[in-house]
There are 2 protein chains.
Amino acid sequence: MEVFTSVSGLRKFLSQQFLQQKSIGLVPTMGALHQGHLALVEAAAAQNDIAVTSIFVNPTQFNNVEDLAKYPRTLEADLELLRVAGCHAVFAPSTEEMYPAQPALKFDFGPIETIMEGASRPGHFNGVGIVVSKLFHMVKPHRAYFGQKDLQQVAVVKRMVADLSFDLEIVVFPTVREADGLAMSSRNRRLSPAERLIAPHIYQILTATRDRIQQGETVGNAKYAALQAFSDIPELILDYIEIVDTATLQNIPEPGEAGTSAICVAVQLGPVRLIDNLIF
Amino acid sequence: MEVFTSVSGLRKFLSQQFLQQKSIGLVPTMGALHQGHLALVEAAAAQNDIAVTSIFVNPTQFNNVEDLAKYPRTLEADLELLRVAGCHAVFAPSTEEMYPAQPALKFDFGPIETIMEGASRPGHFNGVGIVVSKLFHMVKPHRAYFGQKDLQQVAVVKRMVADLSFDLEIVVFPTVREADGLAMSSRNRRLSPAERLIAPHIYQILTATRDRIQQGETVGNAKYAALQAFSDIPELILDYIEIVDTATLQNIPEPGEAGTSAICVAVQLGPVRLIDNLIF
């Protein structure tokens, strides 16, 4: 497995692969890898000749200084996990390598970014759009892999790929969960043991809400019951719960065809902000 | 010379070129070609294995409906000129082919786009940024060619290439002028014979302004003299004249090193808005 910290080194390696007509799969990550990431890397290695994983804690997508400072950084462990998962090349640049100068260009995704994560984290999706564009131009992948846990990020990146005519395929994989249902997240490491025991309630409320809707309750009533359920667990400070169309992310009055609706949630639990969603 | 109207046809042709390790030069145009364009095409053909010219009157960069409607469209004549200039492939898509859906994403270039053309044509550089990004992703050129006449466009595109880490080189060629100094422009065709006789005054005022500064007059005084000169020709309705740094496009109190300052001007002449600039 090759490890690159410079864009020029990465591009030199990749140009050799292009000459040999190798297909490239990219998994963009911020490191602190868990099974959710590794499932993406394994898929990238299975579906392409070369799997590239980027590890870069992108400062421009953080609106919270403490969240950025405390985001877990575990490069040596990450590299070992990537080796085992069959990754061929890792790109782990410094902030200076990614941003030799402060970008002047800003992305505005319109309505899709003024809700949920966009509303709670101003500038977040601009940061995501810029860094993902840069990584796409550095790696030139045939396929790029994202986790469904970041549902709104997936919608924003798909929008960007369509609007700018990027020549690549976005592949989305289901959220990987702990045995008790908690969605895997690098931020879970920052939960105390007591908080870790409370965290699975998020998934329980998501599934209960989905079940209510599938049993015929209105979206409005199911959402109200979910709000009640969150308020019964004082440690879970709800940021939002929204029941939306998976493509437009706009609120829906009733569920659409199977697989086109999602319940999306964000909560603060102790020092950590967690998000999760369930598609139905 | 190959002519493509579909993205898929273009990509199929280009992927064969990439397999043969051919270098690609792209000249993005809106058609109605003149010697300024053809100098870019000739350079693209000389410096690359394959020269691609795009012809697309991009509606999203027009803020004036009449300007868009009356923009000259001369495809057959353009194709003949391109054949003679040594162009290998032309991409002339319909609006529907370029924009299967209305883009949601908007580009904001910050201070560089709120002045001069950006101030006079709101949304213009967003339209330019989106369409140039799309063309870059469709053609994947090694080099892309632009004319210095669109000085602010060059600055915006260079900014975008740096901010998004596009893997290509921007090549800029000097403005090509008629014998009487008028900068070549597709819009010149819309001037009446009387207006065409007045138009060269723009270049005369630009050169007189540059000469004043190079002879020691202050930038402020030279600009004042230029304003006077324009007001003496009532047919030339001045939009702006700015003396700026070529990289930042911000006003300068005094000229910098040779080649880093520019006098930029936009005027309305009859039905047509003309721009020009002089670097010194």
May I ask you to decide if B:Gly118's main-chain N or O and B:His124's side chain share a donor-acceptor pair within less than 3.5 Å?
-> no
Measure B:Ile112 against the heavy atoms of chain A and call it side chain, backbone, both or neither at under 4.5 Å.
-> neither
Side chains of B:Asn58 and B:Tyr71: do they bring a donor and an acceptor to under 3.5 Å?
-> no
Contact part of B:Gln102 toward chain A, heavy-atom cut-off under 4.5 Å: side chain, backbone, both or neither?
-> backbone
Salt-bridge criterion met for A:Glu117 and A:Arg273 (N-O under 4.0 Å) | yes
Can you tell which of B:Asp163, B:Leu19, B:Val131 has the highest number of heavy-atom pairs within less than 4.5 Å of chain A?
-> B:Asp163
Min side-chain heavy-atom separation B:Ile115-B:Gln152 under 4.5 Å = yes
In terms of heavy-atom pairs under 4.5 Å with chain B, which of A:Met160, A:Arg11, A:Lys140, A:Glu113 leads?
-> A:Arg11
Would you mind telling me which of A:Ala101, A:Ala162, A:Ser165, A:Gly110 has the largest number of heavy-atom pairs within less than 4.5 Å of chain B?
-> A:Ser165
Under 4.5 Å, counting heavy-atom pairs only, tell me which of A:Met98, A:Met138, A:Lys106 racks up the most with chain B.
-> A:Lys106
In terms of heavy-atom pairs under 4.5 Å, which option from B:Ala104, B:Gly129, B:Pro111 contacts chain A the most?
-> B:Ala104
A:Glu254, CD atom: more than 12 neighbouring heavy atoms under 6.0 Å | no
Do the side chain of B:Asp78 and the main chain of B:Leu33 share a donor and acceptor less than 3.5 angstrom apart?
-> yes
